[in-house]
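Hydrogens, waters and symmetry mates play no part in the numbers below; they use all other heavy atoms, side chains included.
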Amino acid sequence: MTNPRRSPRRRGFSLLELMVALAISAILLTAALVALDASFRAYRRTTEEAATHTTARLAMHRLLALVRTGNDFGPLPANPLDDELESDSLEVRTPDGRWVVIRWDGEGERLLIAIDSTDGEPGSPQVLLGGVEPQFHADGTPIMPFRIAYEDGWRVRRVTVDLSIQPDDDVSAAISHEPPPPIRLVGSASPRSIAP
C-alpha cells in the first residue's frame with residue numbers, strides 16, 4: 001500500500017541527456033541546411049545556364065536573319081579562286097544600306113557588333129554575346145566562328161556560324177568544382193538576294 005501523501009519523485013533530464021539531444025539536433029539541422037544550400041546552388045546554376053542558352057540562341061537567330069536579309073558581305077577571300085573562308089569577323093550590308101560588322105574578340109571571349117549610322121559613320125562596337133570560347137581543330141589550330149562559302153570568288157553562297165559559349169555561371173554556385181559544359185550552337189543560312 002502506498003502512502004497518498006507521498007508522491008513519486010519527479011526527475012528531470014540530466015545534463016548529459018540534454019547535451020546528446022542538442023548534438024543530434026545540430027547534426028540534423030546542419031544536414032538539412034547543407035541539402036538546402038545545394039538545392040539553391042543547383043537552381044541558380046540551372047537558371048544561369050538556361051538564361052545563357054536562351055540569349056545565345058536569340059543572338060544566333062538574329063545573326064542568321066541578318067545573313068538571310070543581307071545583300072553584300074565581307075570579308076572576301078584573298079584569292080578569288082578560294083571557295084571558302086574561315087574568319088573571326090563577318091560584314092553584312094543590310095537592305096537599308098548600312099554595314100553591320102560582327103567580330104569575335106578571342107581575348108575577351110565575346111562577340112562584338114558595330115552598326116554604321118544612317119550617314120555612313122562607323123558605329124562603336126558593343127557586346128552582342130559574352131562567354132564565346134575558342135574552339136580548336138584536331139591539329140590545334142583555332143576554329144573561327146564564321147565560315148563563309150563563296151561562288152565565283154565574291155558571291156556568298158552560305159554563312160555558317162559556329163559558337164561555343166561558356167554559361168555565365170558564378171563559380172561559387174557550382175555544385176562540383178568543375179565549370180558547366182559549354183553550349184555549342186551551329187547555324188547556317190544563305191542570303192536571299194545578292195547585290196549586283
Side-chain angles (χ1 to χ4, degrees), residues 48-169 179-196:
E48 287 174 353
E49 285 179 21
T52 300
H53 197 272
T54 302
T55 304
R57 286 186 60 186
L58 180 62
M60 177 69 83
H61 176 71
R62 290 189 175 174
L63 280 172
L64 296 178
L66 188 64
V67 169
R68 284 186 200 98
T69 59
N71 52 20
D72 200 7
F73 297 88
L76 295 174
N79 182 355
L81 299 176
D82 289 342
D83 61 350
E84 192 167 282
L85 171 72
E86 278 192 15
S87 177
D88 64 348
S89 67
L90 176 67
E91 301 164 11
V92 181
R93 188 165 55 106
T94 61
D96 65 356
R98 295 192 296 174
W99 281 94
V100 177
V101 178
I102 299 117
R103 185 177 59 83
W104 175 57
D105 176 17
E107 292 177 13
E109 293 188 350
R110 56 193 178 166
L111 211 55
L112 302 173
I113 186 168
I115 304 171
D116 288 352
S117 64
T118 53
D119 59 358
E121 291 293 318
S124 61
Q126 297 177 359
V127 176
L128 176 66
L129 190 61
V132 181
E133 295 184 327
Q135 302 178 70
F136 299 95
H137 292 286
D139 63 358
T141 58
I143 299 173
M144 294 296 137
F146 303 106
R147 193 168 48 247
I148 309 164
Y150 295 94
E151 289 177 355
D152 304 327
W154 66 273
R155 184 186 314 248
V156 172
R157 186 179 69 229
R158 177 167 293 282
V159 175
T160 302
V161 182
D162 186 356
L163 302 174
S164 178
I165 300 136
Q166 181 64 39
D168 187 18
D169 191 15
I183 299 166
R184 186 157 183 202
L185 295 176
V186 179
S188 188
S190 295
R192 292 186 185 132
S193 64
I194 300 293

Chemist: My understanding is that only residues two or more places apart in sequence, or in another chain, count here; which of them pass side chain to side chain contact (heavy atoms under 4.5 Å, CB included) with L76?
Modeler: Y150, W154

Chemist: Indicate yes or no: does R157 engage D83 in a salt bridge with an N to O separation below 4.0 Å.
Modeler: no

Chemist: State, yes or no, whether a side-chain contact exists between R184 and D162 at a heavy-atom distance under 4.5 Å.
Modeler: yes

Chemist: I115: what forms a side chain to side chain contact (heavy atoms under 4.5 Å, CB included) with it, not counting sequence neighbours?
Modeler: R98, V100, I113

Chemist: Taking only residues two or more places apart in sequence or in another chain, which ones pass side chain to side chain donor-acceptor pair (under 3.5 Å) with S164?
Modeler: none

Chemist: Measure the shortest side-chain to side-chain distance between P145 and V132 over non-hydrogen atoms and say whether it is less than 4.5 angstrom.
Modeler: no

Chemist: Taking all heavy atoms of R110 and all of W104, pick out the closest pair and write down the distance.
Modeler: O-CD1, 3.4 Å

Chemist: Do F146 and T160 come close enough that some side-chain heavy atom pair is under 4.5 Å?
Modeler: no

Chemist: Is there side-chain contact between P191 and V156, with heavy atoms separated by less than 4.5 Å?
Modeler: yes

Chemist: What is the minimum heavy-atom distance between Q166 and T52, and which atoms define it?
Modeler: O-CG2, 4.2 Å

Chemist: Just verifying a value: how many Å separate L163 CG and L129 CG, rounded to the nearest 0.5 Å?
Modeler: 6.5 Å

Chemist: Tell me, with the steps shown, if E86 and H137 meet side-chain contact (heavy atoms from CB on, under 4.5 Å).
Modeler: CA-CA 12 Å; E86 278 192 15; H137 292 286; 3.7 Å; yes

Chemist: Using the test side chain to side chain contact (heavy atoms under 4.5 Å, CB included), find all partners of D82 that sit at least two apart in sequence or belong to another chain.
Modeler: P77, N79

Chemist: Please tabulate, for the side chains in residues 56-69, all donor-acceptor contacts under 3.5 angstrom to protein atoms that are two or more places apart in sequence or on a different chain.
Modeler:
residue : atom : partner : partner atom : Å
T69     : OG1  : A65     : O            : 3.0
T69     : OG1  : L66     : O            : 3.4

Chemist: First locate atom CD of Q126, then atom CG of L112, and finally report the distance between them rounded to the nearest 0.5 Å.
Modeler: 9.5 Å

Chemist: Any chance you could measure D105, atom CG, to L128, atom CG, to the nearest 0.5 Å?
Modeler: 13.0 Å

Chemist: With a 4.5 Å cut-off on side-chain heavy atoms, are L90 and I148 touching?
Modeler: yes

Chemist: Do you know the tightest heavy-atom contact between A114 and G123?
Modeler: CB-O, 3.5 Å

Chemist: Could you walk me through whether D72 and V92 pass side-chain contact (heavy atoms from CB on, under 4.5 Å), step by step?
Modeler: CA-CA 6 Å; D72 200 7; V92 181; over 6 Å; no

Chemist: Would you check, one step at a time, whether the test side-chain contact (heavy atoms from CB on, under 4.5 Å) holds for W99 with E91?
Modeler: CA-CA 7 Å; W99 281 94; E91 301 164 11; 3.9 Å; yes

Chemist: Calculate, to the nearest 0.5 Å, the distance between atoms CE and CG belonging to M144 and L85 respectively.
Modeler: 10.5 Å

Chemist: For S190, give me all partners under side chain to side chain contact (heavy atoms under 4.5 Å, CB included), at least two apart in sequence or on another chain.
Modeler: R158

Chemist: Is there a side-chain contact between L111 and I102, using heavy atoms and a 4.5 Å cut-off?
Modeler: yes

Chemist: Taking side chain as C-beta onward, heavy atoms only, is E109 less than 4.5 Å from P134?
Modeler: yes

